[in-house]
Protein chains: 2
Amino acid sequence: MNFNKTTEYSLRILGFMSIEEDKIYSAEVLNENLEIPFRYLRKQLTKLSNNGLLTSYRGKSGGYMLSKPSKEITLWDIIEVTEDIDHTHQCIFGFEDCAFGQRCAIHHKWEKIQEAINEMLKDTTLEELKRIGPQRFISQHNLMLTKNV
Amino acid sequence: MNFNKTTEYSLRILGFMSIEEDKIYSAEVLNENLEIPFRYLRKQLTKLSNNGLLTSYRGKSGGYMLSKPSKEITLWDIIEVTEDIDHTHQCIFGFEDCAFGQRCAIHHKWEKIQEAINEMLKDTTLEELKRIGPQRFISQHNLMLTKNV
DNA sequence: CACAAATGACACCTTTAGGTATTATTAACC
DNA sequence: GGTTAATAATACCTAAAGGTGTCATTTGTG
Ligand code: SF4
Ligand code: SF4
């Protein structure tokens, strides 16, 4: 009943990057600020690039930048990449072929909650999440290296 | 964002057993009716016994029975056994020491959803779930062996 | 008591998410 | 063009959840 580590990491990364969303952040810099194992961070950044959430710049003074304005990236977009959701299969009991015409007691309750979650995920954009996490992450943000400075 | 297999299995088991909650069900019988790998089912039944949800009867014509009336067993009770929830740590980003006085945008929304989920889990009893899952599971229920017949 | 039919305990195997290591490729800058 | 600082690709390792196998223990019954 919660998100996996990869999702958490991705939220951290993207949340941090959206503080100044027109800057390029290298994996090195992100590693210094977010507490994510370096190699895994690298892997994850590549994945986020390959899935269109980040644009990557290779070569010297390269790094990553949000591929779209933060207000156009929803939590849902992120979670679709990091969590593999089975959109069809939502029975709380794991039944794949429930044959009831009349649903069981929990079905409706559960469905409502699912809807609430999805709604939240689709309605919340990175823009709202500029300032997340412990203060220390944010306060160090001005140490960032940028492409243009 | 969903329950693990062990939780699903447990819900199936207990849901099925609550159809006739004063009967003793052997692992063998449960295995014939619910589609759960036999050994793992056995393991899980032991765990549910050890955690007070089931009472086990050893020896010939033994098996398992609900330890309490189904209306006194909530989904929450079950999930506490099968899912290991960290009750303290609920930050969607996985931060353990968020230092904000002013919470981030998602914090409140997420908290509300968590509450809705917990409320549902605590309000829903096995009693409401007597008839769950595909029809075939239920229709075979009269083949049960019991202690007293 | 001996046998059969059930659960209990415990060790082991398998799959997958999380994490590392290595080598190749790209691009700015001298 | 060569050096350096960055990402890309790929393969491998580790820990935890899911799943098996074996043997011991309990209890009803002839
Ligand atoms: S305010 Fe945001 S970052 Fe801080 S604990 Fe709440 S959800 Fe996590
Ligand atoms: S009615 Fe109940 S058992 Fe059937 S799919 Fe819905 S939640 Fe699952």
Side-chain angles (χ1 to χ4, degrees), chain A residues 1-10 12-13 17 23-32 34-65 67 79 81-86 94 144-149, chain B residues 1-10 12-13 17 23-32 34-65 67 79 81-86 94 144-149:
Chain A
M1 277 316 301
N2 37 27
F3 297 113
N4 60 35
K5 272 239 154 75
T6 302
T7 298
E8 290 180 6
Y9 289 161
S10 298
R12 264 193 237 177
I13 294 165
M17 290 177 71
K23 290 207 187 324
I24 287 182
Y25 301 82
S26 71
E28 181 63 30
V29 166
L30 292 170
N31 181 56
E32 284 164 7
L34 310 172
E35 288 158 355
I36 303 172
F38 186 63
R39 312 274 177 187
Y40 199 55
L41 170 64
R42 289 283 312 282
K43 197 185 205 176
Q44 207 47 36
L45 287 166
T46 303
K47 189 175 185 186
L48 292 171
S49 292
N50 290 340
N51 284 278
L53 290 173
L54 295 178
T55 306
S56 76
Y57 300 89
R58 299 180 72 169
K60 198 167 178 177
S61 79
Y64 303 87
M65 195 172 67
S67 64
I79 281 159
V81 171
T82 57
E83 205 98 9
D84 55 308
I85 311 171
D86 180 355
M144 294 305 96
L145 300 175
T146 71
K147 187 171 188 173
N148 310 317
V149 177
Chain B
M1 278 316 299
N2 37 25
F3 297 111
N4 61 35
K5 272 237 153 76
T6 302
T7 299
E8 290 182 5
Y9 289 161
S10 299
R12 265 193 237 178
I13 294 165
M17 289 177 71
K23 289 207 187 326
I24 288 181
Y25 300 81
S26 70
E28 181 62 31
V29 165
L30 291 170
N31 182 56
E32 285 163 8
L34 310 171
E35 288 158 356
I36 302 172
F38 185 63
R39 312 274 177 190
Y40 198 55
L41 170 64
R42 290 280 313 282
K43 198 185 204 174
Q44 206 48 36
L45 287 166
T46 302
K47 190 175 185 186
L48 292 172
S49 292
N50 290 340
N51 284 277
L53 291 174
L54 295 178
T55 306
S56 77
Y57 299 90
R58 299 181 71 170
K60 199 167 178 177
S61 78
Y64 303 88
M65 195 171 67
S67 65
I79 280 159
V81 172
T82 58
E83 206 98 9
D84 54 309
I85 311 172
D86 181 355
M144 294 306 96
L145 300 175
T146 71
K147 187 172 190 173
N148 310 317
V149 177

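Any value given below was found using the heavy atoms of this structure, including those in side chains, with hydrogens, waters and symmetry copies removed. Keep in mind it's a predicted model, so treat the numbers as computed, not measured.
Note: A:Tyr25 OH to A:Glu32 CD = 13.5 Å, rounded to the nearest 0.5 Å. Taking CZ of B:Arg42 as the start and CG of B:Leu45 as the end, the distance is 8.0 Å to the nearest 0.5 Å. Between atom CD1 of residue B:Ile36 and atom CD of residue B:Glu8 there is a gap of 10.0 Å, rounded to the nearest 0.5 Å. Annotation: the span from A:Ser56 atom OG to A:Leu48 atom CG amounts to 11.0 Å, rounded to 0.5 Å.
In this structure, B:Leu45 atom CG and D:dT20 atom C1' are separated by 16 Å, rounded to whole Å. B:Glu8 has its CD atom 16 Å from the P atom of D:dA17, to the nearest Å. Put simply, CZ on B:Arg39 is 15 Å from P on C:dG8, counting in whole angstrom units. As rounded to whole Å, 12 Å separates atom C1' of D:dA16 from atom CG of B:Asn4. At whole-Å resolution of the value, CD in B:Glu28 and P in C:dT7 are 9 Å apart. Rounded to whole angstrom, the span from the CG atom of B:Asn51 across to the C1' atom of C:dG8 amounts to 14 Å. The distance from atom CD1 of B:Ile24 to atom P of C:dA5 is 17 Å, rounded to the nearest whole Å. As rounded to whole Å, 11 Å separates atom C1' of C:dT15 from atom NZ of B:Lys5.
Contact between the side-chain N/O atoms of B:Thr6 and the OP1/OP2 oxygens of D:dG18 is found at a separation under 4.0 Å. Not one side-chain nitrogen or oxygen of B:Asn50 sits closer than 4.0 Å to the OP1 or OP2 atom of C:dT7. Within the structure, every side-chain polar atom (N or O) of A:Ser61 is placed at least 4.0 Å from both OP1 and OP2 of C:dA27. A sub-4.0 Å separation between OP1 or OP2 of D:dG19 and a side-chain N or O of B:Tyr9 is present. Between A:Ser26 and D:dA5 there is no side-chain polar atom (N or O) within less than 4.0 angstrom of OP1 or OP2. Using a 4.0 Å cut-off, no side-chain N or O of B:Ser56 falls inside it from OP1 or OP2 of C:dT7.
Taking the side chain of A:Tyr40 as heavy atoms from C-beta on, and the options D:dG21, C:dG19, D:dG18, the nearest nucleotide is C:dG19.
For D:dA8, its base sits under 3.5 Å from the side chain of A:Arg42 at one donor and acceptor pair at least. No hydrogens or angles were tested; on distance alone, nothing pairs the side chain of A:Lys43 with the base of C:dG18 as donor and acceptor under 3.5 Å. One can find a donor-acceptor pair under 3.5 Å joining the base of C:dT25 and the side-chain atoms of A:Arg58.
Residues A:Thr82 and B:Gly63 both approach DNA chain C. Their nearest nucleotides, taken by heavy-atom distance, put B:Gly63 toward the 5′ side. Mapping B:Ala27 and A:Lys60 onto DNA chain C by nearest heavy atom places B:Ala27 closer to the 5' end of the strand.
Residue contacts shown for B:Tyr64 are limited to sugar-phosphate atoms, with no base heavy atom under 4.0 Å away.
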